[in-house]
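Shown next, in structure tokens, is the structure this report addresses.
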Amino acid sequence: MLDRRPLLKSDRAKHWPARAAACLIAAMIGLTFGNGLAFATEKPKAAPVPAKAPPAPAPVPDWPLGSERARVTLIEYGSLTCSHCADFNNNVLPSLKASHITPGRVRYVFRAFPTPPMGLSYPMHSLARCAGPQAYHKVLDAFFQQQSVIFEAAQQGKGAKDAVYRIFTQSSGMSAAQADVCLRTQSHAEAVNQQSVTGEELGVSGTPTFFIQTARGTTLLPPPYDAQSIGQALDAALAALPPAPRATPTKTKAKPKPKAKKP
């Protein structure tokens, strides 16, 4: 099952700054005033095309789990408001960590692909990016583990802000004041938006969506997304790779013996 979301027009990638700004504003309103589950059922419309399109942003760095030497990468496009993504994080990813990621065979990359309600997903993804590479996956895991708590809070009069901030501060080590700064820092929302646009360019239309990446290219991973199926796909990708080149020891030149001094 995939969590679907409505998409904008095909030229949405040209408007990534306006799109991120609009979604961030919607995010802060949705967090503060509650009813986050009903807020923003689709993405705000992009601003009119300016006379000169802004330059494309620099690629958003991935913050993977696993060894840098791993020759296979599992890429997930997911949303923190996606129940199927939470199920994968809570019930499948721990098994893959034990069998493939921690042993150094595979790297795991999570890329943001926010789904409705945008008033929850955008600020949560922005906070995760703000936490930095060291705490990124810890914050993602905390949000997924307590997704039902956030949803329940969003339906109350005060909204989900207190719950989101509590989970974020506990998992990141940052303060509520720093969380406020995170949500007012446009670059975090822009990074989330850029990852989302990149996913759309790859054909992602729902969450979770998985890809397996090797030196030979990137392939879409079909469901089911259970530990056995994904583990077998990763094993097949590993088996299809040529043997890794062995490092040849470098020979050190022997130092010439000093000439004996004439008496």
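In this chain, numbering begins with 1 at the start of the sequence shown. Side chains included, hydrogens not; waters and symmetry mates left out as well; all remaining heavy atoms used.
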So which heavy atom on V139 is nearest to which on A131, and how close? CG2-CB, 3.8 Å

Going only through I, L, V, M, F, W and Y residues with side-chain contacts under 4.5 Å, is there a path from F168 to V149? no

Tell me yes or no: between the side chains of T81 and S79, is some donor less than 3.5 Å from an acceptor? yes

Under a 3.5 Å distance rule, please check whether T102 uses its side chain to pair with a backbone N or O of A98 as donor and acceptor. no

Can you list the residues that meet the salt bridge (charged side-chain N to carboxylate O under 4.0 Å, His left out) rule with R107, with sequence neighbours excluded? none

Check the angle between the aromatic planes of H137 and Y108 and answer parallel, tilted or perpendicular using the 30° and 60° thresholds. tilted

Go through the structure and list residues passing ring-ring contact (aromatic ring centres under 6.0 Å, His included) with F210, not counting sequence neighbours. F88, Y225

Just by distance, do the side chain of R71 and the backbone of P242 share a donor-acceptor pair under 3.5 Å? yes

Could you state the interatomic distance from OG1 (T198) to CG (N193), rounded to the nearest 0.5 Å? 9.0 Å

Within the side chain of N90, is there an N or O that forms a donor-acceptor pair under 3.5 Å with the backbone of A86? yes

Pairs where residues 122-144 contributes a residue and the test salt bridge (charged side-chain N to carboxylate O under 4.0 Å, His left out) is met, not counting sequence neighbours: none

Sidechain-backbone polar pair: H125 side chain, L80 backbone, donor-acceptor under 3.5 Å: yes

Should L127 and V60 be regarded as members of a common hydrophobic cluster, given that ILVMFWY residues are connected when their side-chain heavy atoms come within less than 4.5 Å of each other, either directly or indirectly? no

From D235 atom CG to Q232 atom CD, the distance as rounded to the nearest 0.5 Å: 7.5 Å

